[in-house]
Structures are given as structure tokens and as C-alpha cells.
Number of protein chains: 2
Amino acid sequence: MDRIAGKAQTKHYQKGEFLFRSQEKDDALYIVNHGKVRIYRLSDSGKEQLVRILNPGNFTREWALFNPDVVHEEYAEATRDTSVCTIQQHDVQEFLKEYPAISLKLLGEMSQRLERSARQTAQVAVESVITRLVLFLAENVEPGMGNSPTITLPMAKKDIASYLGTTPETISRKFGELENEGLIQQLSGKRIKIQDLDDLLLYSE
Amino acid sequence: MDRIAGKAQTKHYQKGEFLFRSQEKDDALYIVNHGKVRIYRLSDSGKEQLVRILNPGNFTREWALFNPDVVHEEYAEATRDTSVCTIQQHDVQEFLKEYPAISLKLLGEMSQRLERSARQTAQVAVESVITRLVLFLAENVEPGMGNSPTITLPMAKKDIASYLGTTPETISRKFGELENEGLIQQLSGKRIKIQDLDDLLLYSE
DNA sequence: GACTTTTCTTGATGAGAGTCAATTTTTTTG
DNA sequence: CAAAAAAATTGACTCTCATCAAGAAAAGTC
């Protein structure tokens with residue numbers, strides 16, 4: 001750990017700054033220390049799709065580690081003041097060779113991410129927006145909260161829209177629809193009360 | 001290699017048989033020897049989304065290696081007579097610990113897959129069907145074939161539809177549209193002639 | 001080669017969701 | 001706390017694409 005820390009470099013970003021942009025070649029691994037980072041992609045037509053949100057402890061750019069020469073199409077933007085550690089590709093490789101256990105951990109993390117990503121693709125591809133939204137809400141219920149939990153949205157609604165592959169207007173309408181149906185209540189400040197989780201999950205026309 | 005082969009077990013499947021289905025718990029890694037396997041997911045509403053197609057040399061179920069207790073939601077169906085090697089989770093772990101280089105290879109492969117999957121999600125989320133189809137065709141051009149290549153579709157059109165998150169009817173129409181625009185020609189037996197790759201890529205309204 | 005089965009195509013119709021525009025509400029900032 | 005900026009909501013309209021149905025073509029089988 002100490003040795004890794006020795007190679008790591010800490011960087012700070014203010015809200016709105018980019019850790020990196022598509023095209024930029026830079027083969028370091030980024031690990032978030034404090035703050036919050038949005039990872040998104042831009043389509044040809046300029047629309048963005050949120051890939052994920054990095055919280056403290058999360059990392060990204062593992063792609064750069066193993067395929068350093070291919071340019072990568074993601075943008076990483078700090079959504080508040082953020083500090084990250086970066087470790088150069090070369091150094092990471094060294095550590096992985098030296099401590100194989102790290103590779104196993106990393107493989108586990110990556111296989112989880114792959115699973116999530118595949119599920120996300122399948123949902124966007126075949127489910128309606130209301131279904132995706134319901135599933136999104138259900139995923140964000142902290143386990144063990146009973147059947148009528150209150151959750152806090154992990155991101156702004158416009159980001160939920162982007163994550164789910166739709167628009168803020170549509171998300172707004174779908175939240176309204178769920179509320180009209182008596183399935184949820186929108187409390188103040190990103191808090192949502194779910195009346196009955198089972199009912200909610202059943203509501204997918 | 002010999003030692004790995006010693007632990008591996010070969011299985012044969014006929015066309016239409018399943019290597020595994022969602023829910024089934026079985027923590028082996030599958031490597032395709034001969035044949036072709038469709039990996040897909042099923043939505044609640046019963047629609048399927050093609051995740052990928054396995055050709056000889058490809059593997060799947062790496063998820064099972066690192067998260068053996070979580071059930072996985074994919075179906076794997078042999079689309080022709082197929083033989084695969086399976087290696088038990090436990091054995092793979094052993095090899096990885098013993099030969100760290102394998103982990104690095106595996107990480108490289110997984111990071112590529114993750115990249116593809118993220119791109120796939122972004123496309124399905126924000127691009128129109130015609131754009132997705134164009135990108136799909138462009139991806140299937142073998143490199144170094146000039147600007148007016150002929151390609152062979154790697155799967156049936158209905159599978160392309162499923163892969164791109166749309167329906168066979170729509171795919172059929174979009175192929176028709178591209179042909180009317182003079183951008184491609186549909187030859188017999190899954191062969192497509194692209195008139196001008198650059199023009200094709202520009203055609204995304 | 002004839003028959004069966006699957007895949008592909010084409011048409012008509014409708015619904016879900018995107019777009020544009022105007023307000024309102026919430027959050028941020030000095 | 002007031003002003004500014006960003007996010008969320010609502011309405012009207014449009015359009016892409018899914019659905020259902022039916023027939024044509026291609027692939028697989030005996």
C-alpha cells in the first residue's frame with residue numbers, strides 16, 4: 001500500500017473541470033478520493049449519455065491500462081470539487097505482476113461492471129421508459145428498508161434521464177405518472193417515498 | 001497449458017441446445033471450441049436482446065468466476081453444433097494465482113468488452129435505428145478493404161435487430177432505405193456491398 | 001427436388017417518446 | 001437574503017418506430 005501510494009499522484013479539480021476528455025491520450029488510472037465525477041459519452045449528434053457516476057473509492061480508465069493506444073470516448077467531469085489519485089499505467093502493471101491478488105480483485109470489480117453494463121444495454125434496448133425508471137428506483141432502494149422505503153435520488157433528474165437514455169421532460173412526466181398512480185410521492189430535495197415496492201415493480205404496463 | 005487442459009472438460013451441444021440458462025447455478029468458465037453461440041437476455045416482457053455471439057476462441061461466464069453466488073441473467077444457446085471447454089471456477093482461480101500473466105490477459109480482454117458494452121449502451125440510448133445500423137455495418141468491415149468493401153453479415157437480420165434493440169421489420173425497412181439511397185446493395189446470402197463507406201457514415205440524418 | 005420451417009419483406013395503424021417553447025421551482029452564489 | 005443560474009415542469013405538436021397481419025423468399029430437411 002505504501003509503495004502504491006508512493007507512485008500515486010494527487011490532483012484536484014474544481015466543479016466543472018474535466019479530469020479527461022475523449023481523445024486525450026493519457027494512460028493513467030484514476031481513483032476518486034473526494035467529490036463526485038460524471039462519466040459520459042457524446043454521440044455524433046452531440047447528445048450525451050451518462051455512463052456512470054464515480055464516488056469516493058471508485059476508479060476509472062482501467063481501459064487505458066490494458067489498451068493504452070486506443071483512444072477512448074469518455075468524458076469525465078467533476079460535478080463538485082474533487083480530488084483524485086492517478087497512477088501511471090506502467091506502475092500499475094508492475095504492481096499487478098508483483099501482487100497477483102490485486103488482479104483478482106480487479107477482475108471481480110470489472111466483471112461486476114460488465115454485468116451492470118450489459119444489463120443497462122438490455123434495458124435501454126427493450127424496456128419502455130417507465131419500466132426503466134421503475135427499475136432504476138428499485139435498484140436505488142437500500143436493502144433492508146422494508147417494503148415502503150424512502151430513497152434519495154443519487155443524481156439530478158436530468159442525469160437520470162441521460163442515464164436511462166431519455167430526456168428530462170419525459171422523466172418529469174413519468175415521475176408525475178407514478179405519483180398520480182399513487183405509487184410514489186415526490187418529497188422535497190431528491191427524496192422519493194415509495195408506497196409499495198412490489199406494486200411499483202408490477203407497474204410496467 | 002497442459003495442466004489447464006487436464007482440468008478442462010469438453011462438452012458438445014447440438015443446434016438449439018442451451019449451454020446454460022439464466023438462474024442455473026454453475027460456476028464454470030465456458031470457452032468455445034467449434035460452433036457458434038448466441039448470448040442473450042430476456043426482459044420481463046419476454047423480449048430478447050442479443051448480447052453477443054461467441055465464435056471459436058471466445059469465452060463467457062467470467063462473471064461466475066468472481067461472483068459465483070450471484071445469479072446471472074444470460075442465456076447461451078448453440079446456434080449450430082458446438083463444442084466447448086468448461087473449467088471450474090476453483091481451477092481457474094488456481095491458475096490465475098499461479099500465472100499472473102494470465103490475469104493481465106484476461107483483464108485486457110474484459111476491459112475491451114466493457115468498452116464495447118458501454119459503447120453499445122450509448123448507441124442504443126441516443127442514436128436512431130438508422131445510425132445504429134450504419135455504425136454496425138461500419139464495424140463489420142474488415143480493415144484494409146478500401147472504401148467500397150463487400151461485407152458478410154455476421155448474423156441473421158433478426159439477430160441484428162435484437163442486437164441493435166429494434167425489430168426485424170424495422171431493420172428490413174432501414175436496409176431498404178439505405179439501398180434506395182444508393183449507399184449499399186444487398187447481394188445474395190447475407191452479403192452487402194457498400195458503395196462508399198464515407199458516404200454511408202455521413203448518412204445519419 | 002418437394003416439403004416444411006424459418007426468416008425476411010411490405011403495408012397499415014397507433015402509441016410512446018422527442019422536440020420546441022414558455023414558466024415555475026430549486027439551487028447556487030456573491 | 002436577493003439575484004442569477006440551473007433544473008424541473010407543463011403544454012402542444014411531430015415523428016420515429018413498434019405492432020399486427022399477411023405474403024414472399026430463403027434455408028433446412030427428408
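From a predicted model like this one, the values you see are computed outputs, not experimental measurements. The chains referred to below are lettered A, B, ... by the order of the sequence lines, with proteins before strands, and numbering in each begins at 1. The figures here come from the full heavy-atom set of this structure, side chains too, leaving out hydrogens, waters and symmetry mates.
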Counting just side-chain N and O atoms, does B:Thr167 come under 4.0 Å of either OP1 or OP2 of D:dA18?
yes
If you take any heavy atom closer than 4.0 Å to DNA chain D, which residues from residues 154-164 of chain A end up in contact?
A:Ala156, A:Lys157, A:Lys158
Side chains of B:Trp63 and B:Glu74: closer than 4.5 Å at any heavy-atom pair?
no
The nucleotide from D:dA18, C:dG18, C:dT9 with an atom nearest the side chain of B:Glu169 is C:dT9
Kindly point out which of C:dT9, C:dA17, D:dA18 is positioned nearest to the side chain of B:Thr170?
D:dA18
Could you tell me the separation between the CD atom of B:Glu179 and the C1' atom of C:dC8, rounded to a whole number of Å?
13 Å
Length of the line joining B:Glu127:CD and D:dC17:C1', which is rounded to integer Å
16 Å
Output yes when at least one side-chain N/O atom of A:Lys174 is less than 4.0 Å from OP1 or OP2 of C:dG16, else no.
no
Check: A:Lys15 main-chain N/O paired with A:Thr82 side-chain donor or acceptor under 3.5 Å:
no
B:Ala125 or B:Gly176, whichever maps to the more 5' nucleotide of DNA chain C
B:Gly176
Estimate the overall bend of the helix from C:dG1-D:dC30 to C:dG30-D:dC1 from the end axes over five pairs each, rounded to 10 degrees.
70°
Rounded to the nearest Å, what distance is computed from the CZ atom of residue B:Phe175 to the P atom of nucleotide D:dC17?
15 Å
Tell me whether B:Glu109 is salt-bridged to B:Arg116, with the criterion being a basic N under 4.0 Å from an acidic carboxylate O.
no
Backbone N or O of B:Val84 within a donor-acceptor pair of the B:Asn33 side chain at under 3.5 Å?
no
Taking side chain as C-beta onward, heavy atoms only, is B:Val129 less than 4.5 Å from B:Arg173?
no
Atom NZ of A:Lys105 with >12 non-hydrogen neighbours under 6.0 angstrom
no
For D:dT9 and A:Gln186 - does any side-chain N or O of the residue sit under 4.0 Å from the phosphate oxygens OP1/OP2?
yes
Dump every N/O contact between nucleotides 22-29 of chain C and the protein below 3.5 Å, one line per pair.
none

Which class fits the ring pair B:Tyr75 and B:Tyr40: parallel under 30°, tilted 30 to 60°, perpendicular over 60°?
parallel
Using whole Å, report how far CD1 of B:Ile130 lies from C1' of D:dA18.
16 Å
Starting at atom CD of A:Glu177, determine the distance to atom P of C:dG16, rounded to an integer number of angstrom.
9 Å
In whole angstrom, give the distance that lies between atom CG of B:Leu178 and atom C1' of C:dT9.
15 Å
To the nearest 0.5 Å, what is the distance between CD (A:Glu77) and CD1 (A:Ile39)?
10.0 Å
Could you check how far CZ of A:Arg38 sits from C1' of D:dA7, rounded to whole Å?
12 Å
So, does A:Ser162 use its side chain to make a donor-acceptor pair with the main chain of A:Leu50 at under 3.5 Å?
yes
Options C:dT9, C:dA17, D:dC17, nucleotide nearest the side-chain atoms of B:Thr166:
D:dC17
Do the charged groups of A:Glu17 and A:Lys11 touch, with an N to O distance under 4.0 Å?
no
So, does B:Ser117 use its side chain to make a donor-acceptor pair with the main chain of B:Arg113 at under 3.5 Å?
no
Can you find a heavy atom in the side chain of B:Gln120 that is under 4.5 Å from one in the side chain of B:Tyr163?
yes
When rounded to whole Å, the CD to P distance for the pair B:Gln49 and D:dA18 reads 13 Å
Report yes or no: is there a donor-acceptor pair, N or O only, under 3.5 Å between the side chain of A:Arg173 and the base of C:dG18?
no
